[in-house]
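See below for the structure under consideration.
No experiment lies behind these values; they were computed from the predicted model shown.
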Amino acid sequence: MPRPAPPRQAAQLTALKNHTRHLLTLTDEDIVLIRQLDCTEPGCPPVETVVAVLPPSGGTRRWTLHHPVDQITPDLLAAALAEPPTTSEGDEK
């Protein structure tokens with residue numbers, strides 16, 4: 001089970017989620033998940049942050065930023081979200 005984010009990181013995650021909602025003009029029904037993960041793949045930075053958007057209709061979109069959460073600025077997030085996402089069409093209901 002994932003551990004809750006420390007208070008400072010929780011505030012950063014909330015701000016990043018709100019900025020994601022604004023940049024992508026999401027509705028309240030769209031779910032935004034942001035997770036900082038250890039990356040174990042060869043050539044991958046040791047930490048990456050994944051932003052995922054799950055609309056109610058299905059079809060998850062994901063962006064990976066090769067930075068820890070506390071280093072992601074609004075400009076860095078905007079640049080990442082301007083790139084095409086990885087999609088999961090099989091997530092549809």
Given side chains that start at C-beta, do those of Leu77 and Trp63 come closer than 4.5 Å, heavy atoms only? no
Kindly indicate whether the side chain of Leu23, heavy atoms from C-beta on, has any atom under 4.5 Å from the side chain of Thr20. no
Distance from Gln71 atom CD to His66 atom NE2, nearest 0.5 Å? 13.5 Å
Using modelled atom types only, decide if a donor and an acceptor are shared between the side chain of Thr49 and the backbone of His67 within a distance under 3.5 Å. yes
Interatomic distance, Thr86 atom OG1 to Arg61 atom CZ [nearest 0.5 angstrom]: 12.0 Å
Gln36 side chain vs Val69 backbone, donor-acceptor pair below 3.5 Å: yes
Provide the full list of disulfide bond (SG atoms under 2.5 Å apart) pairs with a residue in residues 43-73, sequence neighbours left out, each pair given once. Cys39-Cys44
Mind checking whether Val47 and Asp38 have side chains closer than 4.5 Å, heavy atoms only? yes
Using modelled atom types only, decide if a donor and an acceptor are shared between the side chain of Asn18 and the backbone of Ala15 within a distance under 3.5 Å. no
Can you name the residues that form a side chain to side chain contact (heavy atoms under 4.5 Å, CB included) with Val50, not counting sequence neighbours? Leu37, Glu48, Arg62, Thr64
Whether Arg21 side chain and Thr27 backbone form a donor-acceptor pair below 3.5 Å: yes
Check this for me: His22, atom NE2, are more than 12 non-hydrogen atoms of other residues, nucleotides or ligands nearer than 6.0 Å? no
Atom of Pro55, atom of Gly59 and distance for their closest heavy-atom approach: CD-O, 3.7 Å
